[in-house]
S.K.: 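Shown below is the structure under consideration.
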Amino acid sequence: MITITLPDSSQRQYPKGITGLEIARSISEGLARNVLSVNVDGEVWDLTRPIHSNARVKLNTWDDKDGKATMWHSSAHLMAEAIEQLYPGTKFGIGPDVENGFYYDIDLGDRSISSNDFEKIEQRILELAREKQTFHRKEVSKEEAIKYFAGKGDEYKLDLLKDLEDGSISFYESGTFTDLCRGPHLPDTSTIKAVKLLSIAGAYWRGDESRKQLTRVYGITFPKQKDLTVYLLLLEEAKKRDHRKIGRELELFAFSPNVGQGLPLWLPKGAQLRENLEKFLKNVQRKAGYLPVITPHIGNKTLYVTSGHYEKYGKDSFQPIQTPAEGEEFLLKPMNCPHHCEIYKTRQYSYKDLPLRLAEFGTVYRYEQSGELHGLTRVRGFTQDDAHIFCRPDQVKEEFLKVMDIILYIFKALDFKDYSVQISLRDPENMQKYIGSEENWEKAEKAIIEAVEEKGIKAEVETGEAAFYGPKLDFMVNDALGRRWQLGTIQVDYNLPERFELEYTGSDGFKHRPVMIHRAPFGSMERFVAVLIEHCAGNFPLWLTPEQAIVLPISEKYEEYGKKVLTLLNDAEIRTLYDERSEKTGKKIRDAETRKIPYMVIVGEKEEAEGTLSIRKHGAGDMGTFTPEAFIKLVQNEISQLTAF
RNA sequence: GCCGGUGUAGCUCAGUUGGCCAGAGCAUCUGAUUUGUAAUCAGAUGGUCGGGGGUUCGAAUCCCUCCACCGGCUCCA
């Protein structure tokens, strides 16, 4: 007998070799019907795999992440089987589960498929699912595996096999499809009740641009038809939050092919919003000891040769600007750091002068590949809320903590709760690609890890993701459709101080090299506004929103009073508009609601006579009658509540 | 940059297999209306059907090419 410990810590005795499915059945028949896979000591197993020793066991259903993953991974196999039957001779790459569904990379040879073919494939998948196919795990030797896929002519699986060790290789057979796979899988396919193929895309084999591009088919499956319906509805809802759609509807920004791809035009309301954000951060930074600087949009090419950026990115950037002077060339600045280094060099520093924090909302231009451009989140001209902190090596950690405070303060102010944090460190296998001394790297990496721990933040550590010049810490937020974007970033840099020969005099009287920290809490104004829009679906916090109130006169007869109210509110620094169209009040309200203006101020006969205002709140409805003073106070209170913490 | 998709008025979309002068709603403008908490009525303006080339008696519709956008891949100093 073995002892199985369940998640609620209860323990049960079972004969050796019991399977997850049998354990489920011993608990309840219902559970046995719904269970998809089993976690055995933290590892996900097939439900049919015998358990031979004492273990902690968790039965995964659709409500568990691992349960979904098992279902989707099995669905990928099923889709592959369907495709192989419909398109014989197809070669298969990899087919994993992902956050929302699964995909399979396939090579169709000379043929191609498009979304028009989805229905036919979906139908076939459902037919196969109904056959209640079982997944059969088979341990095979490397030799056998190679023989099988060589016979099938599938070079991708052969390529994968190269990196696998003999003895650790398993096949899964289901229906007519056999795949190289470590599992786990569903006991059988009958739990897959609804299928939707989502999209088709090109994907390079092994993520390598220089290799062949395969066709990637994305799909998702569900245990109930209703789950699929709900999911599709959710997707529709998410699309309504798309910042590109809201940006157009609320007249925040636009693009023009005549200006150029990826070069946003900020419309008056968008500019107002952005200005409010800038003011907010400038205020925070002033208190945190940052000194504002301003540098030009272009710089002599030699500046970037010195920084090393020209060598690395020159070919793929906007090309140099010629001048009438022979051989003179300028570059649109792709980053602000070299300029800030030159500012540093304008004087001498004692160790007591550090840290020096230079801040600039600096607009930079990068020639991103055309396929990369995406609304405001990825553009070719953007403004970084940039600052560079020049400090002593012993100050890195403290400065890091202070920057983190700013970023966390901003996220809190804007109610960003679902962010993730990533620490990017060196790749220990590949140390020669990094610049800077071993000692400083260690110090900086340690400082970042400790700073994150001190703040009690959960961060993913990614080795090999550091920039060549230093480790970094990134704050990422998801957009409406779950795509992850980097916003705030803090990066340690040993490269530029070296290249620009930056110095300070230490207490020992010798010259030392300062450490440079790049940081941008928003990341860029463009991307931040994009994510902010999707976060609040265009309903910006009152203090940020470009239009805070609108006066709606019942008819032209109340124009005099209405205009008086307008002036009063604007004088009280409430950004207020006036709707003077000869429309009915219902229409004016509807339009103001659509424009997501927080407060509607309705004035008519009664209000004029009493000197009052009828207030309606966006999304909430009629709030009743206020004196102008009471309303101003209401707005001011709401703003101070939102910005005080 | 690569793979796949899309492109009709400012916006959202009709326009079956090529065939009268390309339509609708909203928005805009004009007029009427003077309105009380999510759409007043009437009229008008607005399109080289993304650009260019081709096939055809005839192209929004078929073919080629370029451009832009969308979903991914790769990239992101």
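All chains are named by letter (A, B, ...) in the order of the sequence lines, taking the proteins before the strands, and each is independently numbered beginning at 1. Quick caveat: nothing in here was measured; it's all calculated off a predicted structure.
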S.K.: What interatomic distance, in whole Å, is found between P of B:G10 and the corresponding atom of B:G50?
M.R.: 12 Å

S.K.: Go ahead and name the base partner of B:U12; Watson-Crick or wobble counts if both distances stay under 3.5 Å, otherwise write none.
M.R.: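 Per the H-bond distance test, B:A24.
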
S.K.: Using the P atom in both, what is the distance from B:A9 to B:G5, to the nearest Å?
M.R.: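 Each nucleotide's P atom is 22 Å from the other's.
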
S.K.: Sort me out a list of protein N/O and nucleotides 8-14 of chain B N/O pairs below 3.5 Å, or just none if empty.
M.R.:
unit_1, atom_1, unit_2, atom_2, d
B:U12, OP1, A:Arg248, NH2, 3.1

S.K.: Atom CG of A:Leu214 to atom C1' of B:C3: distance rounded to whole Å?
M.R.: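 Atom CG in A:Leu214 sits about 10 Å away from atom C1' in B:C3.
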
S.K.: With a distance cut-off below 6.0 Å to the six-membered ring centre and an angular limit of 45° from the axis, does A:Lys196 pair with A:Tyr231 as a cation-pi contact?
M.R.: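 No, A:Lys196 and A:Tyr231 do not form such a contact.
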
S.K.: May I ask you to say what A:Gly604 touches in the nucleic acid, namely base, sugar-phosphate or nothing, with a heavy-atom cut-off under 4.0 Å?
M.R.: base

S.K.: Using Watson-Crick or G-U wobble geometry with both distances under 3.5 Å, which nucleotide pairs with B:A60?
M.R.: none

S.K.: Taking side chain to side chain donor-acceptor pair (under 3.5 Å) as the definition, give me every residue that meets it alongside A:Tyr469, ordered by chain and number, with sequence neighbours left out.
M.R.: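 If we apply the side chain to side chain donor-acceptor pair (under 3.5 Å) test to A:Tyr469, skipping adjacent residues, the hits are A:Gln491.
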
S.K.: How far does the C1' atom of B:U30 sit from the matching atom of B:C69, given to the nearest Å?
M.R.: 36 Å

S.K.: Which one is paired to B:A38, where only Watson-Crick or G-U wobble pairs with both distances under 3.5 angstrom count?
M.R.: none

S.K.: So which pairs with a foot in residues 260-270 of chain A pass salt bridge (Lys or Arg N to Asp or Glu O under 4.0 Å), sequence neighbours left out?
M.R.: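 Listed by first then second residue: A:Glu251-A:Lys269, A:Lys269-A:Glu547.
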
S.K.: Using the C1' atom as the point on both nucleotides, what is the distance between B:G25 and B:G19, in whole Å?
M.R.: 28 Å

S.K.: Tell me if a side-chain donor or acceptor on A:Thr545 pairs with a main-chain N or O of A:Gln548 at a distance below 3.5 Å.
M.R.: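 Side chain of A:Thr545 to backbone of A:Gln548, a donor-acceptor pair under 3.5 Å: no, none is there.
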
S.K.: Sequence neighbours left out, what pairs pass salt bridge (Lys or Arg N to Asp or Glu O under 4.0 Å) with at least one residue falling in residues 605-616 of chain A?
M.R.: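 Listed by first then second residue: A:Glu593-A:Arg616.
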
S.K.: Give every residue pair that meets the salt bridge (Lys or Arg N to Asp or Glu O under 4.0 Å) criterion with at least one member in residues 460-474 of chain A, sequence neighbours excluded.
M.R.: A:Glu460-A:Arg484, A:Lys472-A:Asp474

S.K.: Over all strands shown, is A:Glu311 touching base, sugar-phosphate only, or nothing at heavy-atom distances under 4.0 angstrom?
M.R.: nothing

S.K.: Do A:Lys617 and A:Tyr599 have side chains that approach each other closer than 4.5 Å (heavy atoms only, starting at C-beta)?
M.R.: yes

S.K.: Which residues pass the side chain to side chain donor-acceptor pair (under 3.5 Å) test with A:Asp105, not counting sequence neighbours?
M.R.: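 Counting only residues at least two positions away or on another chain, A:Asp105 forms a side chain to side chain donor-acceptor pair (under 3.5 Å) with A:Arg216.
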
S.K.: Is the closest basic N to carboxylate O distance between A:Asp163 and A:Arg206 below 4.0 Å?
M.R.: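 Judged by the 4.0 Å cut-off on N to carboxylate O distance, A:Asp163 and A:Arg206 do form a salt bridge.
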
S.K.: Looking at B:C29, which nucleotide sits across from it as a Watson-Crick or G-U wobble partner, both distances under 3.5 angstrom, or is there none?
M.R.: B:G43

S.K.: Detail all sub-3.5 Å separations between protein N/O atoms and N/O atoms belonging to nucleotides 48-52 of chain B.
M.R.:
none

S.K.: Pick from A:Lys212, A:Arg211, A:Lys157: which one makes a salt bridge (Lys or Arg N to Asp or Glu O under 4.0 Å) with A:Asp107?
M.R.: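 Result for salt bridge (Lys or Arg N to Asp or Glu O under 4.0 Å) with A:Asp107: A:Lys212.
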
S.K.: Should B:C49 form a Watson-Crick or G-U wobble pair with both distances under 3.5 Å, which nucleotide is its partner?
M.R.: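 Paired with no nucleotide.
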
S.K.: When rounded to the nearest Å, what value does the distance between P atoms of B:G53 and B:A59 take?
M.R.: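 Roughly 13 Å separates the two P atoms.
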
S.K.: Using side chain to side chain donor-acceptor pair (under 3.5 Å) as the criterion, list what pairs up with A:Arg527, not counting sequence neighbours.
M.R.: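 Expected list: none.
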
S.K.: Would A:Lys563 pass as a cation-pi partner of A:Tyr578, given that its NZ or CZ must be under 6.0 Å from the six-membered ring centre and within 45 degrees of the axis?
M.R.: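 Judged by the rule (NZ or CZ under 6.0 Å from the ring centre, within 45° of its axis), A:Lys563 counts as positioned above A:Tyr578.
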
S.K.: Please report the distance, rounded to the nearest Å, between CZ in A:Phe118 and P in B:G5.
M.R.: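 My rounded result for the distance is 10 Å.
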
S.K.: Select base, sugar-phosphate, or nothing to describe what A:Lys588 touches, counting heavy atoms under 4.0 Å on all strands.
M.R.: nothing

S.K.: Measuring only the C1' atom in each nucleotide, how far is B:C21 from B:C63? A whole number of Å is fine.
M.R.: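 After rounding to an integer number of Å, I get 27 Å for this pair.
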
S.K.: Take a 6.0 Å sphere around NZ of A:Lys564 and say whether it holds more than 12 heavy atoms from other residues, nucleotides or ligands.
M.R.: no

S.K.: Could you let me know what B:C73 is paired to, Watson-Crick or G-U wobble, both distances under 3.5 Å, or none if it's on its own?
M.R.: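 The base-pairing partner of B:C73, which may sit in any strand shown, is B:G1.
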
S.K.: Please say whether the positively charged group of A:Arg380, taken as NZ for Lys or CZ for Arg, lies over the ring of A:Tyr367, i.e. under 6.0 angstrom from the six-membered ring centre and within 45 degrees of the axis.
M.R.: yes

S.K.: Quick one, which residues of residues 614-624 of chain A touch RNA chain B with a heavy atom under 4.0 Å?
M.R.: A:Ser614, A:Arg616, A:Asp622

S.K.: At under 4.0 Å between heavy atoms, how does the protein contact nucleotides 25-34 of chain B? Give one character per nucleotide, 5' to 3', with B, S or -.
M.R.: --S----BBB

S.K.: Taking the P atom of each, how far is B:G47 from B:G31, in whole Å?
M.R.: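 My reading of the P atoms in B:G47 and B:G31 gives 23 Å.
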
S.K.: Please identify each residue that fulfils side chain to side chain donor-acceptor pair (under 3.5 Å) with A:Ser317, with sequence neighbours left out.
M.R.: none

S.K.: Looking at every non-hydrogen atom in both residues, tell me the closest pair between A:Leu496 and A:Cys337 and how far apart they are.
M.R.: CD1-CB, 3.5 Å

S.K.: Check this for me, if you would: do A:Glu372 and A:Arg378 make a salt bridge, where the nitrogen-to-carboxylate-oxygen distance has to be below 4.0 angstrom?
M.R.: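 Yes, A:Glu372 and A:Arg378 are salt-bridged.
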
S.K.: Expressed as a whole number of Å, how far does the P atom of B:G46 sit from that of B:C29?
M.R.: 16 Å

S.K.: What's the shortest heavy-atom distance between A:Tyr304 and A:Gly299, and which atoms?
M.R.: CE1-O, 3.7 Å

S.K.: Using a 4.0 Å heavy-atom cut-off, write out nucleotides 64-77 of chain B from 5' to 3' as B (base contacted by protein), S (sugar-phosphate only) or - (no contact).
M.R.: ----SSSBBBBBBB

S.K.: Is there a Watson-Crick or G-U wobble partner for B:A68 with both distances under 3.5 Å, and if so, which one is it?
M.R.: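 Paired with B:A68, as far as the under-3.5 Å criterion goes, is B:U6.
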
